[in-house]
Amino acid sequence: MGYEQPESADPRAARGRYDGTRPDRHRSGAAALALGALGVVFGDIGTSPLYSIQTVFSADHARVHTNPVEVYGVISLVFWAITVIVSVKYVGFILRADNDGEGGIMALTALLQKNPLKTKRGKAVLIALGVFGASLFYGDGIITPAISVLSAVEGVKVSAPGLGHYVLPITVTVLTLLFVIQRFGTGFVGKFFGPVMLLWFATLAATGINGIRRDPAILKALSPSYGVQFIVSHGTIAFIALGSIVLAVTGAEALYADMGHFGRAPISRSWFFVVFPALTLNYLGQGALILHVPAAISNPFFLIVPTWGRTAMVLLATVATVIASQSVISGAFSVTRQAVQLGFLPRMTIRHTSEHEVGQVYSPAINWTLYVAVVVLVLGFRSSAHLASAYGVAVTGTFVLNTILFLVVARTLWRRPKWQVAVLGTVFLFTELSFFAANLTKVAHGGWLPLSVAAVVFTVLVTWQRGRTLVTRARTKEEGSLSEFLEELHHVEPKVHRVPGTAVFLNATVDTTPLALRTNVEHNHVLHERVVILNIEVANVPHVPDSRQLVCLDSGLNKNGITHLQATFGFQDQPNVPATLRLAVVQDLLPAADLEDLTYFLSRITLTQSAKHTMPRWQKRLFLTIAHNSANPVQYFGLPTDTTISMGAEISV
């Protein structure tokens, strides 16, 4: 295999070269950004009314009745869950914890990697929590498209009961089309997402008002006293109901994950002026309908709509859930790419689907893996009510992990007083741990699914990171010192023959010799007239501008016709070696002549399993399996196949 996994940035090379700043990416008008945020950021939480209230009242393992005390209590808890978790925690606090403008749990993990914590073990534990949070995202990523599209299509049972048996075929068809078009990217339809979701939220508000007029007393549910009364008087039932109530805040993590696309201010404005009011009105309307017509618990979202508008509502809901699913799928591509760049996954085929937006990427392997998993879920669970039991565990787990990591950042990076961190931790963790504990009661009813997915993904991530560390250590020893190797060039017998042209050797570390270079000299006794050693690194920031991307590490090597360059990319940048060399010429780090008659050399490593007790045997086999199926380094680094040569050695793990 070609093992050219980039390393973390060398502080000696990076010092003074990249300070973590970048040009402003949010130059568009405030209204345009807020509208765009509606289409990308709020699709998931915006479609939660489709199934959350219905699940609370129809769950088989916790029967909540339709009397005023319980209905007021449920709606009150929904409203205050949204207020505390979304409005206060995410919008008020966590959106401030950006990594060079980017959000999401992997970006938060990158912040902690730069964090000077007191103990290495504590830092390792926190990073592991961040990686597990990213693993939970994949569990969320397969459930969201399934439950969202299925719950929308189930509206057919209300608008046209005779077509109820077509729900599953229609759902699978919609999902198939959704995953098929992923390879074209979201750019060509992205401009339509915002207006559609604006119509969606306007419809939510209008139908909510339609429900409220049936029983205006439901407005009393905005008081937290009704939620407290429900919990105190109904004990176990209220506790279990929390597991379904949390479905109203699914998608809240998207506000943080997609912050880099729009910025904190547009997301905040969209939330407080459009999304929050619309959701509040719709949940109040569903509560009023249930009080007025108790049988409406079968599907309060669609029954709140006037009869004449239900078919149109099914169509609008289907489009809205496709948009919600799109944002989660795109998020899975982005998380995968960040994991690759941070060293938790091997190279994978990741394609850019936009010439202008670096964040729009597509991964075929992830796309079709998600598709198979989503279809299996739909056909296996067969209804959104059954899927809802599997949903909350991943969401609440991600909430808790985000809060823990945020509190550490607030204390250690922002130097916030202990009492402030303690107050925030008490409020947020008490709320979220209550929801998480309630969802643990649903593990046997489907909650095991996202936990199992997260466990598998987490195992893969940590196995690759551990194996990669071992291989890097062995490789460093095999490569030897670059300075010593270059000094020995003058004493090699027979003398090295210099051939015309330029050879570019990719290297994973700054101080060691590329294996391909050592092999070419020691076995072939050949060296090109001009040699470029290119060290590629990934910094713990999302993007590195061109002006800060390259630095020359020659140290007097030009007397041998050798130029040593270091290129640093952000974890959301795509390494492209030919483009990097052209940039080096523009910046006068290389003469233009060096780009003529180019040959690229990759250091290929063949991995084998040994008897060493470095990892459990099963983990070694897993690491080798992943390594042998990693993406072609020629494609990953944008190298031309006809002028790229692989040379290397064998390393045992």
Side-chain angles (χ1 to χ4, degrees), residues 36-48 50 103-106 134-153 171-190 192-194 196-197 250-258 260-261 317-340 345 348-354 357-378 387 390-391 394-395 398 449-450 453-454 457 572:
L38 283 179
V40 176
V41 177
F42 298 105
D44 194 356
I45 194 170
T47 53
S48 293
L50 278 164
I105 197 163
M106 287 302 288
S135 303
L136 282 172
F137 181 84
Y138 287 96
D140 185 14
I142 65 173
I143 297 177
T144 295
I147 191 173
S148 297
V149 176
L150 186 56
S151 61
V153 178
T171 299
V172 172
T173 300
V174 171
L175 288 169
T176 300
L177 293 174
L178 174 63
F179 281 93
V180 165
I181 66 172
Q182 292 305 309
R183 65 190 183 92
F184 299 108
T186 59
F188 75 105
V189 293
F192 299 113
F193 285 5
V196 170
M197 292 308 294
T250 56
E253 67 278 3
L255 277 70
Y256 183 42
D258 291 324
H261 295 286
T318 302
V319 174
T321 55
V322 167
I323 293 174
S325 302
Q326 175 65 64
S327 64
V328 174
I329 296 168
S330 299
F333 296 156
S334 298
V335 169
T336 298
R337 187 175 179 221
Q338 292 181 26
V340 170
L345 280 176
M348 302 180 70
T349 300
I350 297 178
R351 303 171 187 164
H352 288 270
T353 59
S354 171
E357 298 295 333
V358 69
Q360 291 185 14
V361 294
Y362 167 68
S363 173
I366 297 300
N367 184 67
W368 295 113
T369 300
L370 286 177
Y371 170 71
V372 172
V374 169
V375 171
V376 168
L377 280 184
V378 169
L387 268 172
Y391 203 9
V395 174
T398 303
L449 178 65
V453 171
V457 174
Q572 288 194 349

(request) Could you walk me through whether Val149 and Val378 pass the side chain to side chain contact (heavy atoms under 4.5 Å, CB included) test, one step at a time? (result) CA-CA 10 Å; Val149 176; Val378 169; over 6 Å; no
(message) So, taking the atom named CD1 in Ile366 and the one named CG in Leu345, what distance separates them when rounded to the nearest 0.5 Å?
(response) 7.5 Å
(request) Mind checking ring-ring contact (aromatic ring centres under 6.0 Å, His included) for Tyr371 and listing every partner two or more places apart, or none if nothing turns up? (result) Phe179, Trp368
(message) I need the Leu150 CG to Leu175 CG distance, nearest 0.5 Å.
(response) 8.5 Å
(request) First locate atom CG of Asp44, then atom CD of Glu253, and finally report the distance between them rounded to the nearest 0.5 Å. (result) 6.5 Å
(message) Using side chain to side chain contact (heavy atoms under 4.5 Å, CB included), reason through Val322 and Val174 one step at a time and then give a plain yes or no.
(response) CA-CA 8 Å; Val322 167; Val174 171; 3.7 Å; yes
(request) Quick one: closest heavy-atom pair of Ser48 and Thr250, and the distance? (result) OG-OG1, 2.9 Å
(message) Out of the candidates Ile143, Leu136, Ile142, only one should pair with Val453 under the side chain to side chain contact (heavy atoms under 4.5 Å, CB included) rule; please name it.
(response) Ile142
(request) Can you see which heavy atom on Leu50 is nearest to which on Ala317, and at what distance? (result) CD2-CB, 4.1 Å
(message) For a 4.5 angstrom cut-off between non-hydrogen side-chain atoms, does Leu449 reach Leu377?
(response) yes
(request) State, to 0.1 Å, how close Ala365 and Thr369 come at their nearest heavy-atom pair, and which atoms those are. (result) O-OG1, 2.7 Å
(message) Let me confirm one number: the OG1-OH distance from Thr336 to Tyr138, rounded to the nearest 0.5 Å.
(response) 2.5 Å
(request) Mark yes or no for whether Ser148, through its side chain, and Pro145, through its backbone, hold a donor-acceptor pair below 3.5 Å. (result) no
(request) Report the distance from atom OG1 of Thr144 to atom CZ of Phe137, rounding to the nearest 0.5 Å. (result) 8.0 Å
(message) Within this structure, what is the OG1-OH distance for the pair Thr398 and Tyr256, rounded to the nearest 0.5 Å?
(response) 13.0 Å
